[in-house]
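What you see is a predicted model, and the numbers here were worked out from it, not measured in a lab.
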Amino acid sequence: MYGKAFAPEYQGALTTLSVNSSLVDVLAAGTERLRAAERAGERREAARSGLAVAEAHRRLGQVADADRAWKASYRAAREAEDDAAMAWALWSGGTLARQRGALALAWRLLGLAAELGERGGDIVVRGYSLAGMAETGRIQGDYTAVGALHEQLLAEARKRGEARHTVWALEGIAQMHRNTGSYDTAYAMFEEAAEIAGRADDRRGHAWALRGLADIVSVRDGDAERALGLLAEAEVTCREMNLSSALAYNHKMRGNVLYRAGRYVEARDTYEQALAEFRAMNEPRGEALSRLGLAKSLAHLGRDLDETAAELAELARTLERIGLRHARQMVARAQAEFGVEVGVGPKEAGTAAAASVEEGR
């Protein structure tokens with residue numbers, strides 16, 4: 001039903017690159033081809049090779065370089081009057097904006113990309129751009145607004161037999177089910193995503209699916225060792241492909257698993273590792289989530305309650321500013337767990353913290 005996964009963002013002379021190509025190799029090949037196209041005055045080829053350069057930089061966590069590259073790709077595409085290439089550049093820019101926490105900008109750029117993709121007759125970039133909009137809404141926690149779009153894109157991907165896009169849609173829908181407590185449904189969808197990705201040789205998609213499975217195994221089944229094993233398997237792929245962002249999220253999830261198991265010292269160390277990785281690539285969402293896990297771990301290890309309260313309050317403001325509703329709810333639960341909600345006094349805070357039960361979410 002599904003063919004081998006492919007990477008439509010590798011275009012022009014770079015179509016021989018695989019979806020599993022090391023990002024370091026993609027960056028080297030893309031940069032070489034981009035320079036050759038610029039020397040030859042080939043604007044359309046410069047736009048398409050520049051797209052690969054932008055995506056390699058983005059996935060390697062090199063934010064400033066990625067920002068310059070997608071904008072240069074867009075300018076070259078505009079000069080070539082190539083609507084589809086302009087759409088791909090905007091898709092890359094919108095995806096980078098989401099990664100940086102600029103969600104309103106991400107929504108605007110991805111919307112423009114979808115329009116240009118349709119005008120240029122490129123159904124793939126239109127689909128990827130709509131998927132980016134759906135993912136932006138999902139990480140904001142606006143499931144009502146984007147749930148139907150996820151389902152629509154899943155149906156379209158299944159119909160066309162596009163393994164990579166099917167895997168993405170399954171994982172997105174699974175994450176929404178997980179976040180609303182439908183663990184069995186989420187597990188089944190992550191499992192299907194892992195199976196399709198494995199058959200299609202989509203190693204990136206497979207690694208993300210394993211991370212989702214590990215989360216469910218940990219929170220639903222309380223099986224920390226199995227969850228850690230799944231994450232270890234996914235980490236091999238992340239390292240081999242130089243997937244910096246995916247690796248950092250893998251480590252953040254490892255911290256979650258350890259925290260739920262009551263292994264707070266290990267959780268603290270792992271959250272600190274993930275936090276450093278997210279800060280190095282300027283990814284505010286991952287940074288905030290790592291800070292939340294670290295604050296909770298330190299609280300269990302005896303950190304002063306006032307310091308915990310201040311950290312959680314600052315995190316709440318950060319997440320409000322970014323617009324991450326689900327993550328903001330996670331902070332509210334942490335504040336309730338440790339008895340540091342606004343208006344709760346020191347005596348009541350101490351009682352609430354002593355009586356709290358960790359839900360591991």
Side-chain angles (χ1 to χ4, degrees), residues 2 4-7 9-10 17-29 52 55-62 99 163-168 170-172 174-175 178 186-187 189-221 223-261 263 266-281 283 285-287 289-290 293:
Y2 297 101
K4 188 174 181 179
F6 68 100
E9 65 270 33
Y10 302 154
L17 291 173
S18 162
V19 68
N20 298 321
S21 294
S22 163
L23 293 176
V24 173
D25 293 341
V26 171
L27 182 57
E55 281 301 285
H57 278 308
R58 181 183 68 79
R59 291 165 179 164
L60 287 166
Q62 299 162 356
Q99 182 172 314
R164 190 181 179 205
H165 221 131
T166 300
V167 167
W168 166 84
L170 282 168
E171 290 171 351
Q175 191 64 50
R178 179 261 180 266
Y187 185 90
M189 297 189 82
F190 278 128
E191 191 172 45
E192 184 183 359
E195 188 177 312
I196 293 172
R199 289 201 308 266
D201 196 26
D202 175 7
R203 297 186 67 199
R204 183 186 294 114
H206 190 256
W208 280 106
L210 291 179
R211 177 182 172 275
L213 288 171
D215 187 24
I216 304 298
V217 166
S218 168
V219 72
R220 181 191 68 180
D221 306 334
D223 191 340
E225 292 309 314
R226 184 180 169 217
L228 292 172
L230 289 165
L231 291 171
E233 183 182 348
E235 181 165 344
V236 171
T237 294
C238 293
R239 290 192 180 280
E240 289 180 352
M241 294 182 63
N242 302 110
L243 301 175
S244 303
S245 180
L247 181 61
Y249 275 107
N250 182 292
H251 290 156
K252 197 275 297 180
M253 182 57 70
R254 184 178 181 86
N256 291 359
V257 171
L258 293 166
Y259 180 85
R260 292 169 190 150
R263 294 158 61 173
E266 294 174 85
R268 176 200 64 196
D269 294 345
T270 306
Y271 283 130
E272 286 177 342
Q273 178 185 9
L275 179 57
E277 292 168 335
F278 284 122
R279 281 178 171 164
M281 66 182 75
E283 189 159 342
R285 174 172 170 252
E287 180 180 340
L289 292 173
S290 298

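Remark: Glu235 does not engage Arg254 in a salt bridge, criterion side-chain N to carboxylate O under 4.0 Å. Taking the charged nitrogens against the carboxylate oxygens, Arg204 and Glu171 have no contact shorter than 4.0 Å, which rules out a salt bridge. Ion pair Asp215/Arg260 flagged as a salt bridge, since at least one NZ, NE, NH1 or NH2 atom sits closer than 4.0 Å to an Asp/Glu carboxylate oxygen.
A distance of 8.0 Å separates CG in Leu243 from OG1 in Thr237, rounded to the nearest 0.5 Å. In this structure, the separation between CG on Leu247 and CE on Met241 is 12.5 Å, given to the nearest 0.5 Å. We find the CG-CD distance between Leu210 and Glu191 to be 11.0 Å, quoted to the nearest 0.5 Å. Rounding to the nearest 0.5 Å places CD of Gln62 at 10.0 Å from CE of Met281. Distance CD/Glu55 to CG/Leu60: 10.5 Å, rounded to 0.5 Å. To the nearest 0.5 angstrom, Leu213 atom CG is 6.0 Å from Leu230 atom CG.
Of the N and O atoms on the side chains of Ser245 and Gln99, not one donor lies less than 3.5 Å from an acceptor on the other residue.
Between Asp201 and Arg203 the shortest side-chain heavy-atom distance falls below 4.5 Å.
Between the side chain of Asp223 and the backbone N or O of Val217, no donor-acceptor pair lies under 3.5 Å. At distances below 3.5 Å, not a single donor-acceptor pair connects side-chain atoms of Tyr187 with backbone N or O atoms of Arg178.
Residues forming a side-chain hydrogen bond (donor to acceptor under 3.5 Å, both in side chains) with Arg164 (at least two apart in sequence, or on another chain): Glu9, Tyr128. Shown here are the ring pair (Phe, Tyr, Trp, His ring centres under 6.0 Å) partners of Phe278, two or more places apart in sequence or in another chain: Tyr249.
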